[in-house]
Q: 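Please see the structure below; I have some questions.
Chain identifiers are assigned alphabetically (A, B, ...) following the order of the sequence lines, protein sequences preceding nucleic acid strands; residue numbering begins at 1 within each chain.
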There are 2 protein chains.
Amino acid sequence: MKIRAPKYEQIAEEIRKRIRDGIYQPKTAIPDQNTLAKEFGVSRMTIKKSLDGLSMAGLIYTRRGDGTYVLGDIPLKIDTNSPAQKHTGLTAELGSRLSSQVIQFTTIMPTEELMEHLKINHDEPVLNIIRLRLVNKEPYVLEHTYMPKKLMPNLNNRVLKHSIYNYLEKDLNLKLGGAYRKIHADFSNNLDIRYLGSQPNDPILEVEQVAWLQNGIPFEYSFSRNKYDTRSYTVLDINPANA
Amino acid sequence: MKIRAPKYEQIAEEIRKRIRDGIYQPKTAIPDQNTLAKEFGVSRMTIKKSLDGLSMAGLIYTRRGDGTYVLGDIPLKIDTNSPAQKHTGLTAELGSRLSSQVIQFTTIMPTEELMEHLKINHDEPVLNIIRLRLVNKEPYVLEHTYMPKKLMPNLNNRVLKHSIYNYLEKDLNLKLGGAYRKIHADFSNNLDIRYLGSQPNDPILEVEQVAWLQNGIPFEYSFSRNKYDTRSYTVLDINPANA
DNA sequence: AAGTGGTCTAGACCACAGA
DNA sequence: CTGTGGTCTAGACCACTTA
């Protein structure tokens, strides 16, 4: 973790705690910004920045001229499905219950589609990886991944059995920038039937993804295919209109 | 529109324009914050706030100690599918090409599930609406919607043929707060086959949604079902780690 | 060492909601 | 009218990257 977080984060964390502990109750106002500024011994701008973060996280909402209110439980059930808007990969999500089976690991030359999605030239080789991810030894998702070879100098089988994202952030010290995902429904194909154990007519939930680093360089184009009854994709969308 | 936007928004808009016009080129640094502050005649804090917004929107990224860079085109194709992270409803998305056919419009008492999702008591009636939305006269999506009756005093057939979201924001002056969505794949059911024209074995893309107002009150629980080949759900996810 | 962005202050004024 | 949150300033110091 960090040696020292900024004040506004520390304060946000304390307020988060007070909401969790019920000191600040849902639907009720929390102290005004001036009062909080005095309590924490900081300027009001700093309090404002803390509250902005909590507001974006959907814990509170503010009404100009009125006050700041705790926004009771958001009506959602976080279940075993994937949390929204995280691209830390499956490993962080499911931890040790996860294992991987590498089905294919080859180097290819890019198709037109890959050149476009990964923003590379026709002569730059691409890694083509197919992995079956298992949760508690049960087939969970079949991942087809394409990555520019030049970005992943030492990617090997050992890494593939664990987390590519950890390898990027820890070993290569690259920062994730974002991801664009498209979610479809589809029929099962032969690989799905073989590895996921789906029936020929079973629907498949497919997540197509382009992910890029903080400097805008795309590093991954992938398809994740799940049996219709094993996974949903969830999105939590807080309206930024309260800025 | 607004009479007068805050300075930081005006400046952000100007910078956005310069990126669009190629005055600030992808992959290159834009002027530093002090220079921009002088140019626009504002304090650096205000410039910072402009850049924060652009950063969150994924147009630029900043590196402490280094500079601020334009983040070239994000590798994504916005096609006819739904834009990400908008809950303004289909009307804003597709405009006049959209029409609606109200298949069912009744008042029911809530099930356990509805009570939980809409946070209401067992004696509070719920509107149950089934609408077929058509784009260019073609069946597009079948929407099952549940809303607490008390929140929608004058909802009528005329509104249902247009936009419930407009009704909320314009007529009732309520502000949307957020939405939680779960995307599944499923088999076609009888209603899908009848209204969407899908085949019995066709996969369906279903978006299950709970939406709430800015004060945290849930106002809608709904299912939107699309034929697998007519729609994808897209998500654009910018990593907030560059704060 | 120089220059960048990130944080923070102690005020000020404005816009808005509610009594 | 009072009190609230939203914006903005003119500086200061710190953390970091690059040379």
Q: Have a look at A:R44 and say if it touches a base, only the backbone sugar-phosphate, or nothing, with a 4.0 Å heavy-atom cut-off.
A: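 Base: the residue A:R44, judged by heavy atoms under 4.0 Å, touches a nucleobase.
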
Q: Between D:dG6, D:dC8, C:dC8, which one does the side chain of B:K7 approach most closely?
A: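 The answer is D:dC8, which lies nearest to the side chain.
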
Q: Does a salt bridge link A:E208 with A:R181, judged by any charged N lying under 4.0 Å from a carboxylate O?
A: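 A:R181 and A:E208: not salt-bridged.
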
Q: Side chain of B:S43 only, please: which of D:dG5, C:dT7, D:dC8 is the nearest?
A: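 So the nucleotide nearest the side chain must be D:dC8.
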
Q: Is it true that A:S55 and A:D52 share a donor-acceptor pair across their side chains at a distance under 3.5 Å?
A: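 Their side chains do not contain a donor-acceptor pair, so the 3.5 Å distance test is not met.
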
Q: Salt bridge or not between A:K17 and A:E13? Use side-chain N to carboxylate O under 4.0 Å.
A: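 Here A:K17 does not pair with A:E13 in a salt bridge, since their nearest N and O are not under 4.0 Å apart.
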
Q: Is it true that A:S222 and A:E220 share a donor-acceptor pair across their side chains at a distance under 3.5 Å?
A: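 Checked: A:E220/A:S222 side chains pair up, N/O donor to acceptor below 3.5 Å.
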
Q: Does OP1 or OP2 of D:dG6 have a side-chain N or O of A:Q33 closer than 4.0 Å?
A: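 So the side chain of A:Q33 is within the cut-off, an N or O lying under 4.0 Å from OP1 or OP2 of D:dG6.
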
Q: Given that A:R63 and A:V42 both sit by DNA chain C, which one's nearest nucleotide is further toward the 5' end?
A: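 The residue mapped nearer the 5' terminus is A:V42.
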
Q: Report the distance from atom OH of A:Y8 to atom C1' of C:dC8, rounded to the nearest whole Å.
A: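 Nearest whole value for this atom pair: 11 Å.
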
Q: Using whole Å, what does the distance between atom P of nucleotide D:dT9 and atom CZ of B:F40 come to?
A: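 Atom-to-atom, B:F40 to D:dT9, this comes out as 13 Å.
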
Q: Closer than 4.0 Å, any side-chain N/O of A:T46 to the OP1 or OP2 of C:dT9?
A: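 Looking at the OP1 and OP2 atoms of C:dT9, one of them is under 4.0 Å from a side-chain N or O of A:T46.
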
Q: Starting at the 5' end of DNA chain C and moving along, which residue's nearest nucleotide shows up first, A:P6 or A:D66?
A: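 Taking each residue's closest nucleotide, the earlier one in sequence belongs to A:P6.
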
Q: On DNA chain D, check which nucleotide each of A:K48 and A:G65 is closest to and give me the residue with the more 5' one.
A: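 Looking at the nearest nucleotide for each, A:G65 comes out on the 5' side.
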
Q: Given C:dA10, C:dA15, C:dG5, which nucleotide is nearest the side-chain atoms of B:R64?
A: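 Of the options given, the side chain of B:R64 lies nearest C:dG5.
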
